[in-house]
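Every chain is numbered from 1 and lettered A, B, ... according to where its sequence line falls, protein lines coming before strand lines.
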Number of protein chains: 2
Amino acid sequence: MARKPPTKPRKNALQERSRATVDALVEATARILVREGFEKTSTNRIAEIAGVSVGSLYQYFPSKEALVAAVIERHNEEIMGIVRTTLTEVMDMPIEKAVRRLVTVAIDAHRINPELHRVLAEQIPRAGKLDVEAFNREVHSLVRAYFESHRKEMRKIDLDVATFICVSTIEAVAHNTVLNQAEMLSDKMVRTLMDETTRMVVGFLR
Amino acid sequence: MARKPPTKPRKNALQERSRATVDALVEATARILVREGFEKTSTNRIAEIAGVSVGSLYQYFPSKEALVAAVIERHNEEIMGIVRTTLTEVMDMPIEKAVRRLVTVAIDAHRINPELHRVLAEQIPRAGKLDVEAFNREVHSLVRAYFESHRKEMRKIDLDVATFICVSTIEAVAHNTVLNQAEMLSDKMVRTLMDETTRMVVGFLR
DNA sequence: CTATAATGCGAGCATTCACTCGCTTTTCCT
DNA sequence: AGGAAAAGCGAGTGAATGCTCGCATTATAG
């Protein structure tokens, strides 16, 4: 196995100016990933688009992977923010309402930046792998917590299995809806898909 | 957008010897993809492992992408073979039986070569994109055909929506079961997963 | 056996790319 | 003001890689 390149910043941005530089670099990386694809994403190009020199880039990011990892982390954090707040909102709702809400949120989350999501999903470099796993684990445990406190509404079923299946299903439907079918889908179609997915999951749980 | 590299063979292998060369090259590509990852997969290395010179490689494959595409096609064909025969076997079975069989087959298919599947799923180059879409379309239409001829066992529901949701679900569960959790799962656990997934899908359809 | 086509070879070319280093400019602190 | 620390610069370096091309070897046909 190959040694993985470092991911931690070489130095922390302290002053205002340097924080802006770091931001510009991450933003540029995301934009190039979307607009030109992973292969075309070179450090020289990133620096160019960010309006920064390669030298400065390497002051804050020890490797190209570190930059991509930063993009992944930012994107994941954005999504996790939504998921976390939604799951607390939903905590007191009955299963039917809660699941419907989760399905909606899953699709919304995938719509934040579908192209970036696609590129990250397709081309996850080794660097981002850990982040994504942590992400999955957190979603899993949040959903499981909800199930635990709503056990009475549910039939007898292993909670881990239920969580695994439900999360996989909702994620897959959202992913495929937004990415595979793109704009082919009318709003009405999307609503039907959400209704039916909700129905399936709810029917499954009780 | 960048122009995509050609994928068609530069010339067809006619004689026995050259067919063996082509095979060795595809096989070597698959092995390197699995053992050393996409990044380490260079044409020079492929030729080396295949016991063939780079020059010969380029007699049959116009680009590196063409080689990867060939691997993808071979893998997809292997899976599609299983899916096709299973769906004809299943054509006369009632929904319950049929779905259970399909879930089993989905997992089996993912187990053919999990590592290769993972690499291909993660690192699909532009070249393989079309193949994968064709693959999805075929699965979709096969499943839809089954649903059509079993409409009486099902509640009223748009067949495309039903197909989309069912295929997404089964694929996602199989994928995550085999790849995310790897060997962490006991056989019993897998059986439970299959039972529950079947239950969910069947419950959804009627 | 000989001519022709098919197959195979691999050093090397051209290019790309991640990353370094010596230096300048800007900001902060007293 | 002035010195130190932080931030920024970008030409240049070395390594990797996709691919070509001229030639060598092997198979087929007449």
Side-chain angles (χ1 to χ4, degrees), chain A residues 2-29 32-33 36-71 123 125-127, chain B residues 2-29 32-33 36-71 123 125-127:
Chain A
R3 215 171 321 159
K4 43 184 140 187
T7 285
K8 290 297 165 199
R10 187 163 279 178
K11 87 167 63 157
N12 282 10
L14 303 175
Q15 304 178 359
E16 191 58 35
R17 186 168 52 134
S18 56
R19 249 171 281 138
T21 299
V22 169
D23 265 16
L25 285 167
V26 176
E27 181 58 32
T29 307
I32 298 174
L33 278 173
E36 316 193 22
F38 185 81
E39 293 163 5
K40 286 274 176 189
T41 305
S42 70
T43 52
N44 290 320
R45 187 111 183 82
I46 292 170
E48 181 190 330
I49 295 290
V52 153
S53 82
V54 225
S56 298
L57 185 158
Y58 279 95
Q59 294 236 333
Y60 303 103
F61 297 93
S63 71
K64 182 188 173 178
E65 277 70 22
L67 269 161
V68 179
V71 172
Q123 304 272 8
R126 302 286 153 266
Chain B
R3 217 171 320 162
K4 40 187 142 186
T7 286
K8 292 295 165 199
R10 187 162 278 179
K11 85 166 70 158
N12 282 10
L14 303 174
Q15 303 178 1
E16 190 60 34
R17 186 168 53 133
S18 57
R19 249 171 281 136
T21 301
V22 169
D23 264 16
L25 284 168
V26 176
E27 181 59 30
T29 306
I32 298 174
L33 278 173
E36 316 192 22
F38 184 80
E39 293 162 7
K40 286 276 177 189
T41 305
S42 69
T43 51
N44 289 322
R45 186 112 184 80
I46 292 170
E48 180 190 332
I49 296 292
V52 154
S53 82
V54 224
S56 298
L57 184 157
Y58 279 95
Q59 295 237 331
Y60 303 103
F61 298 92
S63 71
K64 182 189 174 180
E65 278 70 22
L67 270 160
V68 179
V71 172
Q123 306 271 9
R126 302 286 153 266

Where is the tightest heavy-atom contact between [X] and [Y], given as atom of each residue plus distance?
X        : Y        : result
Val54(A) : Ala47(A) : N-CB, 3.7 Å
Ala28(A) : Ile46(A) : CB-O, 3.8 Å
Thr43(A) : Leu57(A) : O-CD1, 3.5 Å

>> Please compare Arg45(A) and Gly55(A) by the position of their nearest nucleotide in DNA chain C and report the one closer to 5'.
In response: Arg45(A)

With a 4.0 Å cutoff (strictly under), does any side-chain N or O of [X] reach OP1 or OP2 of [N]?
X        : N       : result
Ser18(A) : dA7(D)  : yes
Ser56(A) : dC9(D)  : yes
Ser53(B) : dG10(C) : no

> From Phe61(B) CZ over to Leu25(B) CG, what is the distance, rounded to the nearest 0.5 angstrom?
Replying inline: 6.0 Å

> Roughly how far apart are Ser42(A) OG and Glu48(A) CD, rounded to 0.5 Å?
Replying inline: 8.5 Å

> How does each nucleotide of nucleotides 12-18 of chain D score, in 5' to 3' order, for protein heavy atoms under 4.0 Å: base (B), sugar-phosphate only (S), or none (-)?
Replying inline: ------B

>> For a quick check, with a 4.0 angstrom heavy-atom cut-off, what is the B/S/- contact string for nucleotides 25-30 of chain C, read 5' to 3'?
In response: -SSS--

Nearest whole Å is fine: how far is [N] [atom2] from [X] [atom1]?
X        : N       : atom1 : atom2 : answer
Phe61(A) : dC17(C) : CZ    : P     : 20 Å
Ile46(A) : dA18(C) : CD1   : P     : 7 Å
Phe38(A) : dC17(C) : CZ    : C1'   : 13 Å
Gln59(B) : dC21(D) : CD    : P     : 13 Å
Glu48(A) : dC17(C) : CD    : C1'   : 14 Å
Leu25(B) : dC9(C)  : CG    : C1'   : 13 Å

> Judged by atom type as modelled, is there a donor-acceptor pair below 3.5 Å linking the side chain of Ser63(A) to the main-chain atoms of Ala66(A)?
Replying inline: yes

> For Glu36(A), what residues pass the side-chain contact (heavy atoms from CB on, under 4.5 Å) criterion, not counting sequence neighbours?
Replying inline: Ile32(A), Lys40(A), Arg45(A)

> So do the side chains of Thr41(B) and Leu67(B) get within less than 4.5 Å of each other, counting heavy atoms only?
Replying inline: no

